[in-house]
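Read through the structure below, which is laid out as structure tokens, and then see the notes.
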Amino acid sequence: MKFNQSNKQNQRISRISETTLVIGTDIAKHNHVARAFNYRGIELGKRCLFQNDDNGLLNLLAWAESIKQEHGLTDVLLGVEPTGHYWFPLFHFLRQRSIEVVLVNPHHVKKSKELDDNSPTKNDIKDAKVVAKLVIDGRYTQPQLPEGVYADLRVLMNQRDRLCGDLNRVKGRIHNWLDRFFPEYRQVFKNWEGKASLITLTNFPLPQDVVAAGETTVVAIWKKNDVKRAVGPKRAELLYRKARKSIGLTEGATAAKHELAMYLEQYAMLCRQIEQLMELVAGLVEQIPGATHMMSIPCIGLITVAGFLAEVGDLSGYDHSQQIVRHAGLSLRENSSGLHKGKTTISKRGRCRLRALLFRAALTMVAKNPEFRALHLYFTTRRDNPLKKKQSMIAICNKLIRVLFELGRKQKEYDANKVLGPHREAQLQAAA
């Protein structure tokens, strides 16, 4: 079944009937605004101002119920502009009370706010009306917030992204410290994150500390901490020689040692937290049907599958893989008018984390997976409409989405022959 966006919008328009009360809401941090309309766009009653707490949401329900009874309406469709994270409590509260909540794209609100008054004026009351009119036109989407194991997975993967960002910042600060106080250190330890290197930085952070301790003491400390391979007297001799001739700063040595100790403590804590978090992620992924089949793809591991499922959610909620392509913002955007034909780019209207995850995975697949490397070669060297390398990578991302969707939905193992297709092998051989 081919995915058709027009059919989807027709279904959304048909959802609104003569008995439907359409409510547009503008969500803020503390105070919200709601306005009510019928299916023809005629405003009903006065606007409702309510706060972001239990009493405020109960007032919203009472206001909506009174309008329903006054005008003989039977059901409610409430539109929300999902800016920030303030709309989540509203959605959770109303869903528990069987009120249908739909989302309106903030870009649509921004582009259409001048249709009624031909003015760029922006305020909460006006935005609530714009949201309601977009809902009436069928320009809304059904929210697919993750539930159960998918909700836990999204929280954990978002936290992992934040922890990895913090870890990279700490690594950068340690690099900065070494460049200032011991610039020769990475000539001794190319990877400062190794076990012996971390022990050395903890016990002998400055060049003068190494010189004062001597080679024998450095080796003894290594052995005491169970460093048994790769480092020994020769490495200690090299470290001692570089420390004696170091050009690093010598002023502020006491504060510098304290600074490095704090960085190393933060580094160890973040590494430990990421490891513990990934243990929880692995346990959640095992509970998701089809996840192990998705990891049967060569070069696709736990982080990619967990991140994909965290952003996409339950695959059974999608009719076609093209919906995930749009969800990731990887659908193509044409820029043409009359005889002018501009560049075709991706829309970038979607989840940026999912898009970045897929692009990183595609880079690895093109480098190490034979089938995807062959596809990349074909896309960039084919006779008709050869793609640039970046365009080919986008095509690889879309292909990866289709493969992950197929394996996850049907719970099948990866088949290299099906990735290439029945007629593609001859084309790939010709391209090679």
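Residue numbers run from 1 in the order of the sequence given.
- Residues M295 and T304 are not in side-chain contact: their nearest non-hydrogen atoms beyond the backbone lie 4.5 Å or more apart.
- Counted within 6.0 Å of CZ on R47, heavy atoms from surrounding residues, nucleotides or ligands total 12 or fewer; the atom is thus considered open.
- E413 CD: more than 12 foreign heavy atoms inside a 6.0 Å radius.
- In terms of the side-chain hydrogen bond (donor to acceptor under 3.5 Å, both in side chains) criterion, N105 has no residue partners (sequence neighbours excluded).
- For the 3.5 Å distance criterion, the side chains of Q159 and R162 qualify, holding a donor opposite an acceptor.
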Show, in sequence, the C-alpha distance, side-chain angles and deciding distance for K29 and N52, and conclude whether the side chain to side chain contact (heavy atoms under 4.5 Å, CB included) test is met. CA-CA 7 Å; K29 185 173 183 178; N52 190 32; over 6 Å; no
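- When every heavy atom of V104 is checked against every heavy atom of Y140, the shortest pair comes out as CG2-CB, 4.3 Å.
- Counting non-hydrogen atoms of other residues, nucleotides and ligands closer than 6.0 Å to CD1 of I247 gives a total of 12 or fewer.
- Heavy atoms from other residues, nucleotides or ligands lying under 6.0 Å from CZ of R383 number 12 at most.
- Both the sub-6.0 Å distance and the 45° axial angle are not jointly satisfied by R154 relative to the ring of Y150.
- Within 6.0 Å of CD in E114 there are more than 12 heavy atoms belonging to other residues, nucleotides or ligands.
- Within 6.0 Å of CG on D54 lie more than 12 heavy atoms contributed by other residues, nucleotides or ligands.
- The shortest side-chain heavy-atom distance between K126 and K113 falls under the 4.5 Å cut-off.
- A salt bridge does not link E259 with R173: every distance from a Lys NZ or Arg NE/NH1/NH2 to an Asp or Glu carboxylate oxygen is 4.0 Å or more.
- Within a 6.0 Å sphere centred on NZ of K242, other residues, nucleotides and ligands contribute 12 heavy atoms or fewer.
- By the 4.5 Å heavy-atom criterion applied to side chains, K133 and R139 are not counted as neighbours.
- Judged by the 6.0 Å distance and 45° axis criteria, R402 is not positioned over the aromatic ring of F405.
- Counted by atom type alone, H327 and Q323 present zero donor-acceptor pairs between their side chains at under 3.5 Å.
- You'll find the side chain of Y414 stays beyond 4.5 Å of the side chain of I300, heavy atoms only.
- A donor-acceptor pair is defined here as one N or O able to donate and one able to accept, closer than 3.5 Å; no such pair exists between the side chain of K399 and the backbone of F372.
- R326 places none of its side-chain heavy atoms less than 4.5 Å from the side chain of R349.
- Within the 4.5 Å cutoff, the side chain of F308 has heavy atoms near those of the L315 side chain.
- Scanning both residues, P207 and S246, for their nearest heavy atoms gives CG-OG, 3.5 Å.
- Taking the side chain as every heavy atom from C-beta outward, L330 and I401 approach each other to under 4.5 Å.
- Using cut-offs of 30° and 60° on the angle between ring planes, the pair W192 and Y267 is tilted.
- With contacts defined as side-chain heavy-atom distances shorter than 4.5 Å, the pair I297/V305 does not qualify.
- With respect to K412 and E406, a salt bridge is recorded, a charged nitrogen being found less than 4.0 Å from a carboxylate O.
- Between D179 and R186 there is a salt bridge, since at least one side-chain N of the basic residue sits less than 4.0 Å from a carboxylate O of the acidic one.
- Heavy atoms from other residues, nucleotides or ligands lying under 6.0 Å from CD of E275 number 12 at most.
- Looking at residues two or more places apart in sequence or on another chain, you find a side-chain hydrogen bond (donor to acceptor under 3.5 Å, both in side chains) between E147 and R95.
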